[in-house]
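First the structure, in the form of structure tokens, and then the observations on it.
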Amino acid sequence: PAGEGGIYLPLMTAGDEPAGVLECRPVGGVTPGDTRQQALVLAARLIGIALGAANTQERMGRRLAEALLLREVSQMISNSIDLEETLAAILTAVRRLIPYSSSEICLYEPVRGLLQTRAVAGEEGFVRHHSAEYQLGEGYTGWLADHAQALVVEDVTVLDQHGVTLSRSS
């Protein structure tokens, strides 16, 4: 509302990186005195430091979860004789780290020169009706195998910067 004031303070981490903004609109529009404003400035500084530390802890927690997942996957691979069982377990472990609606693992078959889907997980319709083979360079899967680079695609129905399309053969 018009005439209503407020106090707006940056929330800064211990490293003076922005963590956010604290906005306070006093009751009745009356701005608090200097002592209370200084207390609010100090509180904002402490909140910023705490947010920075929490963010660091969250990142460390994610890194630990990633490391534990890698260890678990390594153990699965070394302990299992059945490849399909191992690949399915890997997709399950990955889902604990990154929730997904569907996922697949394709392995390269050098004799045929194709990538073949060997494990699928996720939505029932995707899993039940999914089996695919990809040529190197074909679609996102073939492009990834051919270029050995990570690729993030926001919308798989649109050509990406590499001109990759979703063509695939079954």
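Small disclaimer: the values here were computed from a predicted structure and weren't measured. We number each residue from 1, following the sequence as shown.
- By the 4.5 Å heavy-atom criterion applied to side chains, Tyr108 and Leu114 are not counted as neighbours.
- In this structure, the side-chain contact (heavy atoms from CB on, under 4.5 Å) partners of Leu51, at least two apart in sequence or on a different chain, are Leu11, Ala19, Ile47.
- By the salt bridge (charged side-chain N to carboxylate O under 4.0 Å, His left out) test, Glu17 is found to be paired with no residue, residues two or more places apart in sequence or in another chain being considered.
- Under the side-chain contact (heavy atoms from CB on, under 4.5 Å) criterion, Ala119 pairs with Leu87, Leu91, Ile105, sequence neighbours left out.
- For the side-chain contact (heavy atoms from CB on, under 4.5 Å) test with Glu133, the passing option among Glu138, Glu109, Gln116 is Gln116; the others fail.
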Quiz prompt | Trace of the side-chain contact (heavy atoms from CB on, under 4.5 Å) decision for Arg59 with Thr56 | solution = CA-CA 5 Å; Arg59 278 195 310 266; Thr56 299; 3.4 Å; yes
Acceptor/donor pairs from residues 60-70 side chains to any protein atom, 3.5 angstrom cut, sequence neighbours excluded:
residue: Arg62; atom: NH1; partner: Glu58; partner atom: OE2; Å: 2.9

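- Residues near Val111 contribute nothing to a hydrophobic cluster around it, because no ILVMFWY side-chain heavy atom sits closer than 4.5 Å to its side chain.
- Sorted by first and then second residue, the salt bridge (charged side-chain N to carboxylate O under 4.0 Å, His left out) pairs involving residues 139-148 (not counting sequence neighbours) form an empty list.
- At least one side-chain heavy atom of Leu115 sits under 4.5 Å from a side-chain heavy atom of Leu136.
- By the side-chain contact (heavy atoms from CB on, under 4.5 Å) test, Ala88 is found to be paired with no residue, residues two or more places apart in sequence or in another chain being considered.
- A search for side-chain hydrogen bond (donor to acceptor under 3.5 Å, both in side chains) contacts involving Asp16 returns Arg45, not counting sequence neighbours.
- Nearest heavy atom pair, residue Ala44 against residue Pro10, reads CB-O, 4.1 Å.
- Residues Val41 and Met12 do not share a hydrophobic cluster, clusters being chains of Ile/Leu/Val/Met/Phe/Trp/Tyr side chains in contact below 4.5 Å.
- With hydrogens and angles disregarded, a donor-acceptor distance shorter than 3.5 Å links the side chain of Thr117 to the backbone of Ala132.
- When hydrophobic side chains of Ile, Leu, Val, Met, Phe, Trp and Tyr are connected at separations under 4.5 Å, Leu46 ends up clustered with Leu42.
- Heavy-atom minimum distance, Cys106 versus Thr141: SG-CG2, 3.9 Å.
- Applying the side-chain contact (heavy atoms from CB on, under 4.5 Å) test to Gln38 and every residue at least two apart in sequence or in another chain returns nothing.
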